[in-house]
Amino acid sequence: VDSQTATSAEVESNANTVESGVTERLDFMEWPPPKFALFLTGRQHGYIEPCGCTGLANQKGGLARRHSVLEQVRKLGWPTVTLDIGNQVRRFGVQPQVKFQTTIQALRQMKYDVIAFGPDDLRLSTGELIFAMVGDGGNTPFTSANVDVIGVVPTFQIIAAGGHKVGVTTVLGDSHHERVASDELTVTPSVDALRGIWPELESASCDLYVLLAHASIEESQALARAFPRFDVVVPAGGAGEPTYHPEPIGESDAVLVQVGTKGMYV
């Protein structure tokens, strides 16, 4: 469902659109009630407003529209687990700092359960990251198995939804580690980090395990095979349009779910 949708009428209109034979009906308002819903987003890259692509029909994304979609899901009474793969900004400097703080404030208002780090997020100053994580004095949604910011980042989250437990952790893919230059950040290899936290995560006996991997599709698939208890893996890899259905991962029981680029999709 693209986050261009703002009203029920627009949802109905969008639902009847077929994209090159790939999509089926996407009118989630007519889906049967689930035990709980995963609401997956990410790779905003600084696009707080719609992406600005040519043509009105391509004006997708924006935090306000995302909030609108999320509110529609919640009004259906579905228990919702909200997860973001990260990379809220691109580049670094004053403007990305303002966009980062604005975005995190918005995600807190939307009550996001877990936010991962993208490599561009980690180019901001440690002070900016800490302020975003603990700015309201509450528990931080930022989570990472392999990125530590002076000891304040939890390695995983257990989320209650509809009488079920969802275990979620995130990793920054090894191919991105060289972009993290701060001495105040500690980054460990993904496999080592997941191997270290898995016993505790497994002992929580969750009904569903989700891995947010800010990594290529290939690296994310390899992690799914190395840790077969994950049910859903959300990668940051892949350019352009995402696939519209979960993709089976060979040699694994997990499925891969892409979120696209520029915050255009949910």
Side-chain angles (χ1 to χ4, degrees), residues 38-45 81-89 100 103-104 107-108 110-124 129-130 132-134 139-159 161 165-177 179-180 185-202 204 206 208-238 249 254-260 263 266:
L38 298 181
F39 189 90
L40 307 172
T41 59
R43 302 177 72 190
Q44 181 174 279
H45 286 175
V81 179
T82 45
L83 311 175
D84 191 276
I85 192 68
N87 237 48
Q88 313 302 339
V89 294
F100 186 76
T103 297
I104 301 310
L107 297 186
R108 283 185 179 278
M110 292 185 226
K111 297 181 171 58
Y112 263 74
D113 295 299
V114 172
I115 304 172
F117 290 115
D120 292 312
D121 301 330
L122 296 172
R123 297 176 70 188
L124 297 171
L129 294 174
I130 294 173
M133 286 188 286
V134 300
N139 295 327
T140 177
F142 282 95
T143 304
S144 181
N146 70 333
V147 177
D148 180 56
V149 185
I150 64 171
V152 300
V153 182
T155 55
F156 63 86
Q157 304 275 6
I158 306 297
I159 303 159
K165 291 194 297 184
V166 181
V168 183
T169 189
T170 86
V171 292
L172 180 71
D174 294 357
S175 61
H176 292 301
H177 290 189
R179 298 175 62 186
V180 181
L185 304 179
T186 302
V187 184
T188 56
S190 300
V191 170
D192 293 346
L194 289 173
R195 187 179 293 121
I197 71 166
W198 182 253
E200 188 177 359
L201 189 55
E202 186 177 34
C206 295
L208 191 80
Y209 287 101
V210 180
L211 173 64
L212 306 181
H214 208 99
S216 68
I217 291 176
E218 293 74 19
E219 185 176 355
S220 301
Q221 290 171 330
L223 290 172
R225 297 184 186 104
F227 297 90
R229 285 294 306 279
F230 283 111
D231 302 289
V232 179
V233 176
V234 185
I249 299 174
V255 294
L256 196 82
V257 181
Q258 297 185 46
V259 296
V266 167

Distance, nearest 0.5 Å, that separates [atom1] of [X] from [atom2] of [Y]:
X    : Y    : atom1 : atom2 : result
L172 : L122 : CG    : CG    : 6.0 Å
I115 : L107 : CD1   : CG    : 4.5 Å
I159 : T143 : CD1   : OG1   : 7.5 Å
T169 : I158 : OG1   : CD1   : 9.5 Å
Q157 : K165 : CD    : NZ    : 14.0 Å

Side chain to side chain contact (heavy atoms under 4.5 Å, CB included), that's the test. Do M110 and T82 meet it? Break it down for me.
CA-CA 9 Å; M110 292 185 226; T82 45; over 6 Å; no
Worked verdict on L129 versus L185 for side chain to side chain contact (heavy atoms under 4.5 Å, CB included)
CA-CA 10 Å; L129 294 174; L185 304 179; 4.3 Å; yes
If you measure only the distance, is there a donor-acceptor pair under 3.5 Å linking the side chains of Q88 and T103?
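Not at all, the side chains of Q88 and T103 share no donor-acceptor pair under 3.5 Å.
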If you measure only the distance, is there a donor-acceptor pair under 3.5 Å linking the side chains of N146 and T188?
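Per modelled atom types, N146 and T188 side chains form no pair under 3.5 Å.
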Does the [X] side chain pair with the main chain of [Y], one donor and one acceptor, at a distance under 3.5 Å?
X    : Y    : value
R108 : A132 : yes
N87  : H45  : no
S216 : G237 : no
R43  : I85  : no

Min side-chain heavy-atom separation [X]-[Y] under 4.5 Å:
X    : Y    : answer
F156 : V114 : no
S190 : L223 : yes
V232 : V257 : yes
L208 : V81  : no
L83  : V168 : yes
Q221 : V233 : no
T41  : V259 : no
L211 : L194 : yes

Derivation and outcome, side chain to side chain contact (heavy atoms under 4.5 Å, CB included), residues I217 and Q258:
CA-CA 9 Å; I217 291 176; Q258 297 185 46; 3.7 Å; yes
Please find the pair of heavy atoms, one from [X] and one from [Y], that lie closest to each other, and give the distance.
X    : Y    : result
A145 : I197 : CB-CD1, 3.7 Å
P119 : H176 : CG-ND1, 3.7 Å
D121 : V89  : OD1-N, 3.5 Å
H177 : G173 : CD2-O, 3.0 Å
G167 : L201 : CA-CD1, 4.2 Å
S220 : A213 : OG-CB, 3.5 Å

Could you tell me whether W198 and F230 have their ring centroids closer than 6.0 angstrom?
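Centroid distance W198-F230: below 6.0 Å, so yes.
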For T170 and S144, run side chain to side chain contact (heavy atoms under 4.5 Å, CB included): C-alpha distance rounded to whole Å, both residues' side-chain angles, the deciding distance at 0.1 Å, then the answer.
CA-CA 5 Å; T170 86; S144 181; 3.7 Å; yes
May I ask you to decide if the ring planes of F142 and F117 are parallel, tilted or perpendicular, using 30° and 60° as cut-offs?
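Ring orientation, 0 to 90° scale: parallel.
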Heavy atoms from other residues, nucleotides or ligands near CD of E202 exceed 12 (cutoff 6.0 Å):
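Yes, the 6.0 Å shell around CD holds more than 12 heavy atoms from other groups.
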